[in-house]
2 protein chains.
Amino acid sequence: MPARVVAGGKENSVETPVESTRERLLNVAEQRFGEGGYEGTSLRAITVAAAANIAAVNYHFGSKEALLRAAVARAMAPVNTERRRRLDQLEAAGTPSAEQLIRAFVEPGLDLVLRRGERGAVVARFIGRIAFDPSQRIRELYVAESDPIEARYLAALRLALPHSAPEAVAFGYVNMLGLLALHQSQALTPAPGGVELEDPGKLAENLIAFLVAAFDRGLRA
Amino acid sequence: MPARVVAGGKENSVETPVESTRERLLNVAEQRFGEGGYEGTSLRAITVAAAANIAAVNYHFGSKEALLRAAVARAMAPVNTERRRRLDQLEAAGTPSAEQLIRAFVEPGLDLVLRRGERGAVVARFIGRIAFDPSQRIRELYVAESDPIEARYLAALRLALPHSAPEAVAFGYVNMLGLLALHQSQALTPAPGGVELEDPGKLAENLIAFLVAAFDRGLRA
DNA sequence: CTCTGATTCAAACGATCGTTTGAACTATGC
DNA sequence: GCATAGTTCAAACGATCGTTTGAATCAGAG
């Protein structure tokens with residue numbers, strides 16, 4: 001099969017840059033692993049959707065897990081870059097407040113859902129799903145990408161909340177990570193009884209306000 | 001094989017009441033589904049650990065999914081009973097505050113981890129895991145058990161927070177569900193960089209304080 | 001045009017999956 | 001002791017899994 005395959009495997013009236021097999025595999029892997037989790041997604045499901053031969057996974061990546069690792073690294077890179085840029089900027093201007101830090105950490109993750117179209121939502125769901133996969137081995141793929149910048153944010157939050165115990169700030173911090181992952185994976189809708197939640201466009205503001213209140217007033221001294 | 005099998009499949013010096021095959025399957029299913037998720041857990045892994053024949057699953061439950069359904073119903077029953085009892089009690093005494101409602105909802109779930117020994121922690125992890133399984137079909141097994149009492153709690157929270165928009169209270173509520181599930185499944189430790197969190201014995205108090213602050217001050221009007 | 005490296009292919013492998021089946025065993029009632 | 005229902009067993013099935021293999025195709029350099 002020639003490399004010239006229209007994006008998404010379907011003809012469209014505007015010819016878009018052709019994805020390589022490797023890129024199609026990564027794109028579909030993100031989508032399917034996000035939807036079904038690692039164990040609930042087979043290589044055959046991925047390769048069929050990517051219009052690729054099943055052996056292509058082993059050729060380009062080495063194994064199923066290596067495909068996942070590559071997808072996680074690719075997905076996390078821009079989010080971590082943006083978090084790092086914003087933290088550098090904040091720290092250059094003085095000691096950031098808890099709200100500034102929470103915002104700088106949360107917004108890059110939620111922008112995926114809210115501002116990057118369908119692809120952004122796919123990436124966000126993928127990241128949220130892998131961050132809390134049942135298997136520690138899989139979660140470690142996420143941790144490897146995120147721990148350095150996350151440790152910096154935790155340290156900065158501690159400085160921003162001098163009246164709270166360091167362990168309490170750490171407690172708040174992992175709650176923030178957990179909630180962010182759940183929102184990224186769009187796992188928190190609908191509410192019990194099917195009641196609508198808030199306007200999705202305001203998710204970032206609502207989550208940030210929720211977290212800021214919890215950090216400012218809900219951590220022990 | 002006779003029915004007289006010591007608990008846990010190992011000899012011990014004190015003979016405990018003999019579990020039936022059905023009970024051993026449910027106990028091991030809770031543990032293994034909690035650790036690995038539904039798709040990451042095979043029937044053979046469960047039946048080997050339960051010292052049972054693989055056909056016993058189909059005989060007692062009908063299918064792998066039916067085994068899971070039975071385990072979820074069994075695990076949720078006491079938690080929901082306690083939540084219902086506490087809500088009835090609160091409403092009999094007047095209009096409960098947000099803190100009282102959060103406490104009445106969260107404590108039964110966390111008591112599993114904190115006060116019911118190893119078995120309680122296994123059940124908590126199981127519930128937390130299934131509540132946010134990637135597959136909607138699996139999550140619905142949890143929803144079927146919990147939606148009625150959860151809908152009552154949401155309604156009561158709205159009464160307790162008259163200055164917050166109803167959708168905002170619903171937003172807070174699903175965040176509470178998500179955080180509770182993460183803590184039950186013990187998915188939020190350790191913190192980035194391996195920093196220790198709070199004293200596990202204080203998890204309930206810490207989580208409740210965190211949530212109360214978020215509900216009281218972090219929801220939009 | 002030829003050669004070489006990159007890439008894709010169809011087919012197959014061994015392993016494991018969930019489910020089914022007929023036989024054997026156990027417990028209980030008469 | 002016998003009959004019956006409940007329960008467990010070993011074995012097998014068809015399907016799917018991730019990985020491997022040798023062949024074929026494609027792209028690019030000389």
Side-chain angles (χ1 to χ4, degrees), chain A residues 1-9 17-30 32-33 35-72 130 133-135 137-138 141, chain B residues 1-9 17-30 32-33 35-72 130 133-135 137-138 141:
Chain A
M1 175 186 290
R4 185 167 294 282
V5 173
V6 294
V18 173
E19 291 176 304
S20 68
T21 301
R22 186 175 191 281
E23 287 167 333
R24 293 200 313 280
L25 286 170
L26 284 170
N27 289 340
V28 174
E30 276 178 351
R32 295 305 182 97
F33 284 138
E35 287 166 354
Y38 181 73
E39 292 288 350
T41 304
S42 69
L43 281 184
R44 281 173 171 77
I46 292 174
T47 54
V48 162
N53 189 272
I54 191 151
V57 174
N58 296 83
Y59 178 85
H60 288 285
F61 302 98
S63 66
K64 181 183 181 184
E65 187 174 311
L67 167 62
L68 176 65
R69 177 181 301 112
V72 171
I130 297 306
D133 190 87
S135 164
R137 180 189 186 90
I138 299 303
L141 303 183
Chain B
M1 175 187 291
R4 185 166 293 282
V5 175
V6 295
V18 172
E19 290 176 305
S20 68
T21 301
R22 185 176 191 279
E23 287 167 334
R24 294 202 311 283
L25 286 170
L26 284 169
N27 289 339
V28 173
E30 277 178 349
R32 293 305 178 97
F33 285 137
E35 287 166 356
Y38 181 72
E39 292 290 349
T41 305
S42 68
L43 281 182
R44 282 176 170 76
I46 293 174
T47 54
V48 163
N53 188 272
I54 190 151
V57 175
N58 295 83
Y59 179 83
H60 289 285
F61 301 100
S63 66
K64 181 183 180 185
E65 186 174 312
L67 167 62
L68 176 66
R69 178 181 301 111
V72 171
I130 297 305
D133 190 88
S135 164
R137 180 188 187 88
I138 299 305
L141 302 183

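The shown structure was predicted, so the numbers you read here are calculated from the model rather than taken from an experiment.
- Annotation: side chain of A:L43 is in contact with side chain of A:L67 (closest heavy-atom distance under 4.5 Å).
- Counting heavy atoms from C-beta outward, A:F33 and A:I46 have side chains that approach closer than 4.5 Å.
- Residue A:T21 places at least one side-chain N or O under 4.0 Å from the OP1 or OP2 atom of C:dT8.
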Under 3.5 Å, which protein N or O atoms sit close to an N or O of nucleotides 17-20 of chain C? Give each pair with its distance.
residue : atom : partner : partner atom : Å
C:dC17  : OP1  : B:S42   : OG           : 2.9
C:dG18  : OP1  : B:L43   : N            : 3.4
C:dG18  : OP1  : B:K64   : NZ           : 2.8
C:dG18  : OP2  : B:L43   : N            : 2.8
C:dG18  : N7   : B:R44   : NH1          : 2.6
C:dG18  : O6   : B:R44   : NH2          : 2.9
C:dT19  : OP2  : B:K64   : N            : 2.9

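- Remark: C1' of D:dC9 and NE2 of B:H60 are 12 Å apart, rounded to the nearest angstrom.
- When side chains are defined from C-beta on, A:F61 does not count as touching A:L68, because their heavy atoms never get closer than 4.5 Å.
- Sequence neighbours left out, the pairs with a member in residues 63-72 of chain B that pass side-chain hydrogen bond (donor to acceptor under 3.5 Å, both in side chains) are B:E65-B:R137.
- Regarding B:Y59, its OH atom lies at a distance of 14 Å from the C1' atom of C:dA24, rounded to whole Å.
- Within the structure, no pair that satisfies the side-chain hydrogen bond (donor to acceptor under 3.5 Å, both in side chains) test touches residues 36-54 of chain B, not counting sequence neighbours.
- Summarising the geometry, the separation between CD on B:E19 and C1' on D:dT7 is reported as 17 Å, rounded to the nearest angstrom.
- Checking side-chain atoms of A:E35 against main-chain N and O of A:R32 turns up no donor-acceptor pair under 3.5 Å.
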